[in-house]
There are 2 protein chains.
Amino acid sequence: MANAINVVIVEDVRDIRESLLALISGMTGYHCAGVYATAEAAIADMPAIVPDVVLMDINLPGINGIEAVRQLKDRFPEINFLMCTVFEDTDNIFRALEAGAGGYIVKNNSPLKILEAIKEVNEGGAPMSAAIAKKVIHSFRKVAKEPSSHALLSAREMEVLQLLSDGLLYKEAADKLNLSVETIRSHCRKVYEKLHVNTKLEAINIVFGKR
Amino acid sequence: MANAINVVIVEDVRDIRESLLALISGMTGYHCAGVYATAEAAIADMPAIVPDVVLMDINLPGINGIEAVRQLKDRFPEINFLMCTVFEDTDNIFRALEAGAGGYIVKNNSPLKILEAIKEVNEGGAPMSAAIAKKVIHSFRKVAKEPSSHALLSAREMEVLQLLSDGLLYKEAADKLNLSVETIRSHCRKVYEKLHVNTKLEAINIVFGKR
DNA sequence: GGCACAATAGCACTTTAGTGTTACTGGCTG
DNA sequence: CAGCCAGTAACACTAAAGTGCTATTGTGCC
């Protein structure tokens with residue numbers, strides 16, 4: 001089977017692991033290149049295998065699936081990772097995507113769906129169950145929140161805040177804008193009043209967004 | 001047809017508009033509640049219709065589809081918008097999602113796919129064509145920053161810095177971690193030494209990256 | 001067992017940031 | 001034209017952040 005998709009399975013629960021193995025190795029066009037119960041074992045073997053796709057559980061003992069993807073994606077950017085989990089909690093989804101997972105599916109999907117997802121992620125696609133796609137899409141909405149904060153501040157106030165957010169002191173910002181330190185204070189004061197905060201960092205987090 | 005999905009079409013190209021209309025009104029379970037060639041006309045009529053789903057073209061004369069969604073989603077949050085376009089350019093995708101679009105499909109999808117997408121977005125899902133899902137997922141991939149700053153700091157130091165970057169005062173961070181304010185000071189001192197800086201903001205910009 | 005180091009904590013002191021209040025100027029607008 | 005507002009600036013004061021120095025505890029390593 002020369003151009004079958006080489007798949008590695010990382011899953012700690014024995015039953016699930018074995019049924020995934022059976023599913024993949026029993027199917028034409030798919031080949032199981034390795035099966036591991038822990039991230040550590042999979043990471044150790046990865047350089048010798050370099051599969052096309054890794055089916056990665058999130059909840060693993062020791063190094064969890066997300067951390068494993070983070071490490072492996074750095075070293076093997078050409079491998080596509082498909083997260084496979086029972087949880088649909090938002091934090092995990094985004095952490096997995098940040099770490100470099102290409103797709104995110106829920107375990108109780110039908111075998112056919114899982115095979116399709118493997119194929120899709122192998123082709124550089126991004127398989128997601130509908131519920132997860134919804135959360136991902138939704139996350140873009142909240143980013144565009146608070147249209148007011150920008151509009152509230154004047155151009156000069158934004159300029160001052162930008163300099164301070166770069167880490168400049170009042171004194172340094174004043175020098176850069178050829179203003180007195182007192183003027184920087186004044187601007188800050190007004191910004192704080194408008195945004196209902198009382199430190200630089202709070203204002204910066206609101207206006208420029210948190211990391 | 002009491003519980004058919006009420007769909008509004010906004011599309012400037014006559015041929016596409018009419019074939020979409022034919023597709024939707026000819027299908028059981030779907031009802032076309034309005035057809036418009038411009039965003040302005042659709043916006044004007046929207047309060048009288050309030051459909052379930054709006055099929056919105058992006059390239060429209062005058063107000064474009066993204067701007068239309070932005071305006072309408074604010075006023076009618078319960079309407080689900082499905083962007084329908086020939087372009088897959090990344091900027092447009094993200095702008096549309098930020099504006100509040102629930103799904104994003106490519107026009108040359110099969111009629112069946114389009115109907116499915118309408119149904120999915122109506123149920124709060126997030127239909128995306130594979131190519132678009134891929135771009136969305138990839139946008140989450142963070143560039144691995146040089147581990148220098150990351151590795152330099154201990155887990156505890158990172159934890160403290162994270163809290164301070166959220167805008168907490170030393171006092172508040174101390175309370176949250178059940179530490180003394182002096183300990184927070186100590187941690188900061190060490191962080192500053194390691195990173196060769198002398199304010200919170202500089203450290204935060206180095207460790208978490210600038211906006 | 002000795003050593004290095006992270007985490008904790010205290011005290012005294014300086015520097016920066018933030019608050020309350022006031023004041024002058026120049027544009028824009030009803 | 002009178003009034004509002006943004007931008008500028010000052011002074012006095014309080015609060016918070018940052019610096020220097022020291023000390024105790026626990027963990028891991030040679």
Side-chain angles (χ1 to χ4, degrees), chain A residues 40 43 61-63 67 71 146-211, chain B residues 145-211:
Chain A
E40 287 86 342
I43 290 171
I63 297 180
E67 194 45 45
Q71 290 179 25
E146 304 285 338
S148 39
S149 83
H150 270 72
L152 268 173
L153 303 187
S154 72
R156 196 56 158 173
E157 286 161 353
M158 287 294 288
E159 200 176 357
V160 170
L161 199 58
Q162 177 63 64
L163 291 176
L164 295 178
S165 102
D166 287 344
L168 301 197
L169 304 178
Y170 283 8
K171 175 85 181 61
E172 296 168 331
D175 287 351
K176 197 150 213 162
L177 297 175
N178 283 316
L179 294 175
S180 118
V181 177
E182 292 302 328
T183 304
I184 302 293
R185 273 193 222 281
S186 280
H187 285 307
C188 280
R189 196 195 330 260
K190 277 175 213 152
V191 168
Y192 296 166
E193 277 166 14
K194 287 179 182 176
L195 303 179
H196 306 292
V197 298
N198 38 33
T199 68
K200 275 196 281 202
L201 259 158
E202 289 177 292
I204 289 166
N205 283 338
I206 288 176
V207 174
F208 300 111
K210 276 224 274 250
R211 291 142 265 250
Chain B
K145 38 188 178 284
E146 57 272 56
S148 42
S149 78
H150 225 88
L152 268 173
L153 303 187
S154 73
R156 196 54 155 174
E157 286 161 353
M158 287 295 289
E159 200 176 356
V160 170
L161 199 59
Q162 176 64 65
L163 291 176
L164 297 178
S165 102
D166 288 344
L168 300 197
L169 304 178
Y170 283 9
K171 175 82 181 61
E172 294 168 332
D175 287 350
K176 198 152 213 163
L177 297 175
N178 283 316
L179 295 175
S180 120
V181 177
E182 295 301 329
T183 303
I184 302 293
R185 270 192 223 281
S186 280
H187 284 307
C188 281
R189 196 195 330 261
K190 278 176 212 150
V191 168
Y192 296 167
E193 278 165 15
K194 286 178 183 176
L195 303 179
H196 307 292
V197 298
N198 39 30
T199 68
K200 276 195 283 200
L201 259 159
E202 288 176 292
I204 288 166
N205 283 339
I206 287 176
V207 174
F208 300 111
K210 278 224 273 255
R211 291 141 267 246

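Letters A, B, ... are given to chains in the order of the sequence lines, protein chains preceding strands, and every chain is numbered from 1. Remember, it's a predicted structure, so these values are computed and weren't measured experimentally.
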Student: Given side chain to side chain contact (heavy atoms under 4.5 Å, CB included), test A:Arg156 with A:Leu179 step by step and report yes or no.
Tutor: CA-CA 12 Å; A:Arg156 196 56 158 173; A:Leu179 294 175; 3.8 Å; yes
Student: Give the nucleotide from the list D:dA10, C:dG18, C:dT8 with an atom nearest to the side chain of A:Glu182.
Tutor: D:dA10
Student: List the residues meeting side chain to side chain donor-acceptor pair (under 3.5 Å) with A:Lys176, not counting sequence neighbours, and say none if there are none.
Tutor: none
Student: Applying side chain to side chain contact (heavy atoms under 4.5 Å, CB included) to B:Leu164 and B:Cys188, what does each step give before you reach the verdict?
Tutor: CA-CA 10 Å; B:Leu164 297 178; B:Cys188 281; 3.5 Å; yes
Student: To the nearest Å, how far apart are B:His196 NE2 and D:dG18 P?
Tutor: 17 Å
Student: To the closest 0.5 Å, what do you measure between CG (B:Leu201) and CG (A:Asp166)?
Tutor: 9.0 Å
Student: Side chain of B:Asp175, backbone of B:Ser180: donor and acceptor closer than 3.5 Å?
Tutor: no
Student: Could you pull out the protein-nucleic contacts involving nucleotides 13-15 of chain D (nitrogen or oxygen on both sides, under 3.5 Å)?
Tutor:
none

Student: Please list all pairs passing the salt bridge (charged side-chain N to carboxylate O under 4.0 Å, His left out) test where one or both residues lie in residues 188-201 of chain A, with sequence neighbours left out.
Tutor: A:Glu157-A:Lys194
Student: Working to the nearest 0.5 angstrom, can you tell me the gap between B:Thr199 OG1 and A:Leu169 CG?
Tutor: 6.5 Å
Student: Just how far, in rounded Å, is P of D:dA16 from CG of A:Leu201?
Tutor: 15 Å
Student: For B:Glu157 and C:dA7, give me the distance from atom CD to atom C1', rounded to whole Å.
Tutor: 9 Å
Student: Of all of residues 167-180 of chain A, which get a heavy atom below 4.0 angstrom from DNA chain D, listed by number?
Tutor: A:Leu179, A:Ser180
Student: Have a look at the helix from C:dG1-D:dC30 to C:dG30-D:dC1 and give the angle its two end axes make, five pairs each, rounded to 10 degrees.
Tutor: 50°
Student: Please report the distance, rounded to the nearest Å, between CE in A:Met158 and C1' in D:dG7.
Tutor: 17 Å
Student: Output the rounded distance in Å from CD (A:Glu193) to C1' (D:dA6).
Tutor: 13 Å
Student: Please determine if a side-chain N or O atom of B:Thr183 lies less than 4.0 Å away from the OP1 or OP2 oxygen of C:dA9.
Tutor: yes
Student: Quick one: A:Leu164 CG to C:dG18 C1', roughly how many Å, whole number?
Tutor: 12 Å
Student: Test side chain to side chain contact (heavy atoms under 4.5 Å, CB included) on B:Leu177 and B:Glu159; report intermediate values, then the result.
Tutor: CA-CA 9 Å; B:Leu177 297 175; B:Glu159 200 176 356; 3.6 Å; yes
Student: Considering heavy-atom distances to DNA chain C, does B:His187 or B:Thr199 have its closest nucleotide positioned more toward the 5' end?
Tutor: B:His187
Student: Specify the separation, in whole Å, of atom NZ of B:Lys190 and atom P of C:dT8.
Tutor: 9 Å
Student: Measure the shortest side-chain to side-chain distance between B:Phe208 and B:Met158 over non-hydrogen atoms and say whether it is less than 4.5 angstrom.
Tutor: yes
Student: Give the C-alpha distance, both sets of side-chain angles, the deciding distance and a yes or no for side chain to side chain contact (heavy atoms under 4.5 Å, CB included) between B:Leu163 and B:Ile184.
Tutor: CA-CA 11 Å; B:Leu163 291 176; B:Ile184 302 293; over 6 Å; no
Student: Counting only side-chain heavy atoms from C-beta out, which of C:dA7, C:dA9, C:dG18 sits nearest to A:Tyr192?
Tutor: C:dG18
Student: Mind checking A:Lys200 for me? I need base, sugar-phosphate or nothing, with any heavy atom below 4.0 Å counting as a touch.
Tutor: sugar-phosphate
Student: Give me the atom names and distance for the closest heavy-atom approach of B:Val181 to B:Lys171.
Tutor: CG2-CA, 4.0 Å
Student: Measuring from atom NE2 of A:His187 to atom OG of A:Ser154, what distance do you get when rounded to the nearest 0.5 angstrom?
Tutor: 7.0 Å
Student: Write down the atom of A:Gly167, the atom of B:Asn205, and the distance for their closest heavy-atom approach.
Tutor: N-ND2, 4.0 Å
Student: Return the value, rounded to whole Å, for the distance between atom CD1 of A:Ile184 and atom C1' of D:dT8.
Tutor: 11 Å
Student: Between the protein and nucleotides 22-26 of chain C, which nitrogen or oxygen pairs come in under 3.5 angstrom?
Tutor:
none

